[in-house]
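In this text, all values refer to a predicted model and were calculated from it rather than measured experimentally.
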Amino acid sequence: MYARPQQLTHIDGHMDGRGDSAPVDEGALIDLRAFMQVLRRRRLVIILVSLVVFAAATAAYFTTPPVYTSTTTVALERGGEKVVQVDQVVPDVAPDSAAVDTEVAVLKSPGLIGKVVDDLQLTRYPEFNPALETGEVVPEEAQRKRAVTTVLGNMTASRNGFSYAIDISYASESPAMAAKVANKIAETYIGEQVATKSGATSRASDFLEGQLDELRAQVESAEAAVASYRASHGLFDLGGNSSVTQEEITTLNAQLAQARAEEAEARARLSTANAQLARGGSGEELGESLDSPVVSSLRSQRAKVSGRVAALRQQYGPRYPELTRTQQELQDIDEQISSEVRRIVANLSIQANAAGQRTGSIMGSLQRAKGTLAVDNKASVGLSELERRAESARTLYQTFLDRYKQTRAQRGLERADSYIVAEAQVPALPSSPNVLIFAVIGLIGAIAGSTVVVAILQLLDRGVETTSNLEKKLGMRVLGSIPDTKHLPELEGLGDSVHPTQLIVDRPQSSFAEAFRWLQTSIHFNQRDRGPVVVAITSALPNEGKTTAALSLARSAAMAGKRTILVDCDLRRRVSSTEPGPMETIGLRALLDNQGQLDDAIYVDPETGLFVLPRRNDEHHIQPFADSAAFSELIAALRAKFDFIVLDTPPVLTIDDSRVIAAKADSVILMVRWRKTPTRAAELALRHLDSVGANVIGATLSMVDVTAQARIGYEDASYYYGAYKSYYA
């Protein structure tokens, strides 16, 4: 299998590298100069395609009908106006980014646009109803849908930057219609907001009013049930958490405590009095006696009578009759006092008994009240449930009543969440067609079209333009390039009157002659032993300048003082032209058939001293000869007589002899025609040569248009032809 090393070498055998630095993946880099090379080469195609595209853009611009765009701007309220501080049925929405985007979607809704179509009666205009112009019978609903679709297609609604404003634009062929529709969309949008809130308020009021009637009946029924239950169970509510029985028990407990205290006090007083009387006392010292006005009065009288008794006894003696009478009076007073004390003690006993009876009565009442309370507590469970129901009904009723009043207060105060900032005006100038936009479209189209065309041409172009490309594609070094004499500026005026090979003699200072001296040097330094060298000049296909290159190389070497011979080995294309020399020799075929000597087969070019071993023009029956022993002996004989032997071989892909001849040569040079030879053909030729062990030292670009390559081949020496062309003549 044919393979070529990726690392190229110079003609002196040294590596074409940069020391031991790490290799760079050139495939991963963008070669800007190569890109510019393609642009320069295809500039005419690019210009032509660009002109066609720009012409099409220009025609489209002038044939496009003008369209006018008008814009109205609405803004969302950031803070609602509060006339009445109540909760709204439809609350205001804070205008954050999501809210603004939502409103943009609302503006583009078919429902809103449908109302605009209905209000403006747009189905009466051909712009929105093409059936008016065509005479087509279309149902009204279909006409309306088509108008809605047209409006949606021509309108745009978008947020204005990061603000709370929304731009509503409408494009139409009529300036007035553009402004009219844009303004109507904004008005309808704001009107729909007010209508939505008003409708919601009315519906809420009607709903609340209907609910209030039901709730009022429920409250009345619940309160009546509580009252009836209280009446049937004797549960009269006197306080927040008490009943009649509870209040009675509280009162009886207080009375019982007081009665017990009074009973204890009465019995204590009675017990004290009885104790004093039991000890033999008169009872005068009792507290009740002391408090009695009767006892006090009797004691006062006794004191006076006792004083008179003492005085009479001292003055008259014990037998004095007045003393006896006074003593009798004193005794009567003592009996009265004793009687009064007994009455008081009896009264104490009565009071003690009455207090005891009162206490017992209160205790009985208390026990009965407690029994009643137990019954009431059982009944209060049902009462609590009824009261909770009644309270719940009252709370719900009050809530609905308050909300109903708030809703009624909002009627007539509904306000839209948006307002118009700037109304759409009738545009004076069309918004499209826009010259700049069409110019940009034309530019983009020109770039895209040129890119596609150039890419296609590059894909279809199988030839090679530069020596660097040839090196990359073939994987071998290139020994140089041979210019095409028809495009050399230094040879202008010569035309086809001078054969290229003659320029080696007539114009030795031309770039054409210099190319072959360069090729000689490359061949020379490729030979290690520096002895006689046999060079085979071949190509992959015919018409690649192989024969001209072989003759020119041989002439250049002969003029350089080397003993050079050119052997015409091409079976069908001969080196010799119409010159008389070849007819005077026996030719290569007769020499190989031992029909003469070597001197009889060659002739000398009088202008250069080049020896030529040609094929005769009259040899019509051609047989392969390269693999014969006679041809090998001929090569050996030529090595002994000449310093430089050039073999002009047939194309590798057409004649098999070419491989055999190349295998017998010391060096093989493959000619590749500039922009013509397919790379695949050159690669295939190299595989064939490698299969026979031919020493292909390099390739050479032939028939190069240096003027064209100077514009594209920046990696070739011809790229700088303008700088050094003055050296050639």
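Contact record, Ala536 with Thr649: CB-CG2, 4.0 Å, taken as the closest heavy-atom pair. Summarising the geometry of Ala662 relative to Leu689, their closest heavy-atom pair is CB-CD2, 3.7 Å, with the distance given to 0.1 Å. Here the shortest heavy-atom pairing between Phe512 and Pro483 reads CD1-O, 3.5 Å. Counting all heavy atoms, side chain and backbone alike, Pro433 lies closest to Pro66 at CD-CA, 3.9 Å. The nearest pair of heavy atoms linking Ala663 to Val692 is CB-O, 3.7 Å. Closest approach of Ala682 to Leu670, counting heavy atoms only: O-CD2, 4.1 Å.
You'll find the side chain of Ile565 stays beyond 4.5 Å of the side chain of Lys641, heavy atoms only. Under the 4.5 Å side-chain criterion, counting only non-hydrogen atoms from C-beta, Ile697 is in contact with Ile669. Taking 4.5 Å as the limit, every side-chain heavy atom of Val672 sits out of range of all side-chain heavy atoms of Val478. Using a 4.5 Å heavy-atom cutoff, the side chains of Thr156 and Thr71 are not in contact. In this structure, Ile661 and Thr538 have side chains that are not in contact, with every pair of non-hydrogen atoms separated by 4.5 Å or more. At least one side-chain heavy atom of Asp600 sits less than 4.5 Å from a side-chain heavy atom of Gln597. When side chains are defined from C-beta on, Leu541 counts as touching Leu653, because their heavy atoms get closer than 4.5 Å. Residues Met703 and Lys676 are not in side-chain contact: their nearest non-hydrogen atoms beyond the backbone lie 4.5 Å or more apart.
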Note to self: Would Trp674 and Asp484 count as a side chain to side chain contact (heavy atoms under 4.5 Å, CB included) here? Give the steps.
What the structure shows: CA-CA 9 Å; Trp674 183 73; Asp484 187 356; over 6 Å; no
Checklist line | Step-by-step side chain to side chain donor-acceptor pair (under 3.5 Å) determination, Arg589 to Gln595 | finding: CA-CA 9 Å; Arg589 189 68 204 185; Gln595 296 178 6; over 6 Å; no
Notebook entry, point to check: Please walk me through it: do Trp518 and Leu479 pass side chain to side chain contact (heavy atoms under 4.5 Å, CB included)?
Noted result: CA-CA 8 Å; Trp518 181 285; Leu479 304 180; 5.7 Å; no
Item checked: Arg639/Ile635 under side chain to side chain contact (heavy atoms under 4.5 Å, CB included): CA gap, chis, key distance, verdict -> CA-CA 6 Å; Arg639 287 180 183 275; Ile635 296 298; 4.0 Å; yes
Note to self: Is there a side chain to side chain contact (heavy atoms under 4.5 Å, CB included) between Phe644 and Ile523? Walk through the geometry before answering.
What the structure shows: CA-CA 10 Å; Phe644 197 67; Ile523 297 171; 4.1 Å; yes
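With sequence neighbours left out, the ring-ring contact (aromatic ring centres under 6.0 Å, His included) criterion links Tyr170 to no other residue. Residues satisfying the side chain to side chain donor-acceptor pair (under 3.5 Å) criterion with Thr150, sequence neighbours excluded, are absent altogether. For Thr564, there are no side chain to side chain donor-acceptor pair (under 3.5 Å) partners at least two apart in sequence or on another chain. With sequence neighbours left out, Thr548 forms a side chain to side chain donor-acceptor pair (under 3.5 Å) with no residue at all. With sequence neighbours excluded, no residue forms a ring-ring contact (aromatic ring centres under 6.0 Å, His included) with Phe54.
In this structure a side-chain-to-backbone donor-acceptor pair under 3.5 Å is present from Ser431 to Val67. Ser702 contributes a side-chain N or O that, together with a main-chain N or O of Glu544, makes up a donor-acceptor pair within less than 3.5 Å. Side chain of Ser539 to main chain of Met671: no donor-acceptor pair is present (N/O by atom type, distance under 3.5 Å, no hydrogens or angles). Looking only at distances, no side-chain donor or acceptor of Ser450 sits under 3.5 Å from a matching main-chain atom of Ile447. Looking only at distances, a side-chain donor or acceptor of Ser691 sits under 3.5 Å from a matching main-chain atom of His688. The main-chain N or O of Phe625 is found under 3.5 Å from a side-chain atom of Ser628 such that the two form a donor-acceptor pair. No side-chain donor-acceptor contact under 3.5 Å links Arg555 to the backbone of Val505. The closest donor-acceptor contact from the side chain of Arg673 to the backbone of Asn543 lies under 3.5 Å.
For the atom pair Leu647 CG and Ser667 OG, the distance stands at 11.0 Å (nearest 0.5 Å). Taken from CG in Asp568 to CG in Asp648, the straight-line distance is 5.5 Å, to the nearest 0.5 Å. In this structure, CD1 on Ile504 lies 8.5 Å from CG on Leu551, to the nearest 0.5 angstrom. The line from OG of Ser552 to CG of Leu566 is 10.0 Å long, rounded to the nearest 0.5 Å. Here the OG1-NZ distance, from Thr700 to Lys546, works out to 13.5 Å after rounding to the nearest 0.5 Å. Here the straight-line distance linking atom CG of Asn695 with atom NZ of Lys664 works out to 15.5 Å at 0.5 Å rounding.
Each salt bridge (charged side-chain N to carboxylate O under 4.0 Å, His left out) pair with one or both residues in residues 428-444, not counting sequence neighbours, would appear here, but there are none.
Within a 6.0 Å sphere centred on CD of Glu173, heavy atoms belonging to other residues, nucleotides or ligands number 12 at most.
Looking at Arg675 and Asp705, no side-chain N of the basic residue comes within less than 4.0 Å of a carboxylate O on the acidic one, giving no salt bridge.
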